[in-house]
Number of protein chains: 2
Amino acid sequence: MEAVPIVTNPSRPVTIATVARRAGVGVGTVSRVLNGAPGVAEKTRTRVLETIRELDYAPSQLARGLSTGRSSSVAAVVPFLTHPSAVERLRGFVRALTAARYDVTLHDVELREQRDDRLRALAGPGSTSDAAVIVSLPPTDDEVQRFLDAGKPVILLDAQHPLLPSVVIDDVAGGGLAARHLLALGHRRIAFIGDTPANPYGFTSSVNRRTGYLDALAEHGITPPPAYIKEGEHDRLVAARLFDELFQDGLERPTAVFVASDTQALGVLGAARARGLRIPDQLSVIGFDDIETAELVGLTTVRQPLEESGRRAAQLLLDALSGRPPEAALETLDLTVSVRQTTAPPA
Amino acid sequence: MEAVPIVTNPSRPVTIATVARRAGVGVGTVSRVLNGAPGVAEKTRTRVLETIRELDYAPSQLARGLSTGRSSSVAAVVPFLTHPSAVERLRGFVRALTAARYDVTLHDVELREQRDDRLRALAGPGSTSDAAVIVSLPPTDDEVQRFLDAGKPVILLDAQHPLLPSVVIDDVAGGGLAARHLLALGHRRIAFIGDTPANPYGFTSSVNRRTGYLDALAEHGITPPPAYIKEGEHDRLVAARLFDELFQDGLERPTAVFVASDTQALGVLGAARARGLRIPDQLSVIGFDDIETAELVGLTTVRQPLEESGRRAAQLLLDALSGRPPEAALETLDLTVSVRQTTAPPA
DNA sequence: TTGAAAGCGATACCAT
DNA sequence: ATGGTATCGCTTTCAA
């Protein structure tokens with residue numbers, strides 16, 4: 001007794017020609033039906049549709065793309081590992097684009113070199129995607145120019161460039177928000193821990209948040225000692241180390257610390273716990289971003305609408321793709337302070 | 001004075017023909033160079049390569065795909081929002097596939113209906129991807145058959161099917177691990193909170209973990225009262241509610257609870273805190289998965305190698321794509337207990 | 001070693 | 001309203 005073959009359909013793959021033949025029409029007609037083009041008799045349309053169903057036919061996206069010059073797919077360049085916030089943005093982006101029947105190809109960037117390669121490849125010819133969103137990575141002028149030359153719409157999300165539509169927040173204002181929250185509670189000795197300005201990706205949010213923090217303090221006539229400002233690689237453990245440095249020298253201890261990202265704030269929280277510091281009684285901590293974990297651990301933080309930012313970027317991209325002029329070159333999202341359990345008046 | 005046009009390259013896009021013409025060779029030769037095919041004189045190859053560089057040419061993936069029948073892209077179907085663990089798996093997967101020069105298209109699935117649509121579309125003709133990985137979603141026999149018919153390799157990650165290579169863990173063993181950790185600490189009244197077996201996606205890990213838990217308890221002659229076993233939607237807040245139910249009736253309070261996923265365990269932790277329960281003194285909590293947040297909050301949990309599972313799935317997929325026979329139809333990853341701060345001997 | 005030409009599977013224009 | 005055909009940009013025979 002022979003083994004029953006698993007493959008049900010050993011025949012040639014069904015193409016538009018198969019459908020046309022079977023339905024007794026030309027390929028042009030099938031194509032019209034497929035694309036809802038006008039000028040097809042109702043009776044014909046029905047017959048074709050039926051044949052399509054019988055054959056379980058679906059047009060090759062590849063062939064369609066080659067023919068039309070559009071692939072219905074967009075690229076998302078994301079620092080996947082380094083930024084949890086990027087994942088939440090991506091979520092909003094993918095959802096909105098899926099709803100619009102676009103595919104999203106994911107380009108994880110964790111190394112400087114990858115970043116360069118990806119941007120170069122995506123902008124060039126040969127790339128499959130119709131457009132791209134770049135998350136948290138400011139492109140250089142040359143890179144932008146390449147995209148422009150290629151005629152590919154690009155949206156910047158959490159990054160900015162004069163020639164590209166961007167969805168951002170006002171980091172300076174956000175830094176001010178954080179500092180003022182602490183000031184309002186009565187804190188005067190407020191430290192800052194953030195990302196190094198010399199980071200390989202060109203992230204600038206941390207420095208801007210620092211500026212906002214310094215401005216707010218200045219308004220209150222406060223100039224923090226240089227030792228209150230610690231910057232290092234955007235990493236939880238590095239942030240913990242920086243926090244510990246605050247306790248070395250004969251430095252007067254801060255009563256509060258503003259950490260420029262939740263990821264780093266989480267590290268600070270851990271380090272503070274390790275020191276036996278009661279939070280918020282002995283030390284207030286405020287983060288920035290409001291990633292999901294922030295809520296889980298009760299971290300007070302400056303909230304930016306991460307998922308919504310993804311949706312907005314998607315919308316701008318869809319606008320650009322449909323040839324509509326961008327509503328605004330620069331879209332700035334609102335910030336609020338999510339007050340939770342890590343901030344309180346100083347002892 | 002005229003405005004300087006931004007567009008540097010108003011000319012027709014550069015194709016393989018452009019390169020061929022410019023280099024004074026046929027397109028076939030350029031193609032051979034592009035693909036490292038043998039039989040090209042070194043001198044010719046150099047000239048072509050140079051021309052390619054001058055023109056900043058890159059072959060159209062679309063055209064190449066249409067011609068070869070392969071697109072160098074694979075689909076990843078992921079319950080993005082419902083499972084944080086899925087993101088970590090995806091990370092490993094994307095990394096490995098990027099290294100192998102494949103594109104990954106992301107298919108977020110949050111609704112039952114989306115799940116069905118996506119699987120159907122990806123298996124059918126017309127789909128761009130050469131293969132697919134499906135994360136945490138067990139496909140039906142019909143769905144599997146469609147993939148098989150289409151000749152598209154599929155790997156299941158955190159899911160299982162007799163006809164498909166799968167990367168999984170032994171959930172029953174894992175449940176046992178969790179229970180035995182608590183038993184070893186001296187606990188006897190151990191509750192269980194998990195995902196509902198009737199979930200719309202067909203996730204089965206929770207029931208299996210429950211089985212392992214029950215078996216381990218039975219080995220110690222313990223049969224937990226039915227009220228100790230709570231199941232509901234896989235959601236943090238739902239888990240918190242289920243936990244609260246443990247305190248209703250005249251039920252003898254458990255000294256420990258095994259929660260079938262970290263996401264749910266985080267909810268339980270919150271609910272316990274809200275009740276003023278000191279953890280682990282008054283109550284031990286152990287989760288499952290070891291997502292990143294688990295470490296941050298100090299949750300004791302059963303650890304499965306999430307990112308590595310993604311890498312393994314990628315490897316299996318690459319094997320399948322290169323026609324090598326799958327090394328094993330079923331790959332089972334190791335589990336360990338990450339002991340942190342939420343478990344201790346009962347008071 | 002190389003060039004020419006036939007597909008790959010769609011779309012879109014041109015007749016009819 | 002519909003069929004036929006050129007076209008998209010590449011790979012891959014087939015000759016030379």
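So you know, we letter chains A, B, ... as the sequences are listed, proteins then strands, and number each from 1.
In this structure, CZ in B:Arg21 is found 10.0 Å from CG in B:Leu55, a value given to the nearest 0.5 Å. Atom CG of B:Leu97 is separated from atom CG of B:Leu318 by 5.0 Å, given to the nearest 0.5 angstrom. In this structure, CZ in B:Arg95 is found 7.0 Å from CZ in B:Arg311, a value given to the nearest 0.5 Å.
Applying the 3.5 Å distance criterion, the base of C:dG7 shares a donor-acceptor pair with the side chain of B:Ser67.
Which of C:dA4, C:dA10, D:dT2 sits closest to the side chain of B:Arg32 comes down to C:dA4. Nearest to the side-chain atoms of B:Thr29 among the listed nucleotides D:dG3, C:dT2, D:dG9 stands C:dT2.
Atom-to-atom, CG of B:Leu62 to P of C:dG7 comes out at 22 Å; the value is rounded to the nearest Å. In this entry the distance linking CG of A:Leu66 with P of C:dA12 reads 12 Å, nearest Å. If you take CD1 of A:Ile16 and P of C:dC8, they are 14 Å apart, rounded to a whole angstrom. A:Arg64 places its CZ atom 17 Å from the C1' atom of D:dT7, with the value rounded to the nearest Å. The interatomic distance linking A:Arg70 (CZ) with D:dG9 (P) rounds to 14 Å, in whole Å. The OH atom of B:Tyr57 sits 10 Å away from the P atom of D:dG9 (whole-angstrom rounding). Counting to the nearest Å, the C1' atom of D:dC8 and the CD atom of B:Gln61 are 15 Å from each other.
In this structure, A:Val25 reaches the sugar-phosphate backbone alone: every heavy-atom distance under 4.0 Å involves primed, P, OP1 or OP2 atoms, never a base. A:Gly24 comes within contact range of the sugar-phosphate backbone alone, with a heavy-atom separation under 4.0 Å but no base atom that close.
A salt bridge links A:Asp116 with A:Arg112: the closest approach of a Lys/Arg side-chain nitrogen to an acidic carboxylate oxygen falls below 4.0 angstrom.
The side chain of B:Thr68 contributes no N or O atom lying less than 4.0 Å from OP1 or OP2 of D:dT11. OP1 or OP2 of D:dT2 sits under 4.0 Å from a side-chain N or O of A:Thr44. Proximity of B:Ser31 to the phosphate of D:dC10: no side-chain N or O atom is located under 4.0 Å from OP1 or OP2.
Sorted by residue number, the members of residues 33-41 of chain B with any non-hydrogen atom under 4.0 Å from DNA chain C read B:Gly39, B:Val40, B:Ala41.
Taking the side chain as every heavy atom from C-beta outward, A:Val135 and A:Leu90 never approach each other to under 4.5 Å.
When atom types are taken as modelled, the side chain of A:Ser166 and the backbone of A:Leu164 share a donor-acceptor pair closer than 3.5 angstrom.
DNA chain C is contacted by both B:Gly28 and B:Ala63; B:Gly28 maps to the nucleotide lying nearer its 5′ end (nearest heavy atom per residue).
Using modelled atom types and a 3.5 Å distance limit, the side chains of A:Gln145 and A:Asp141 yield no donor-acceptor pair.
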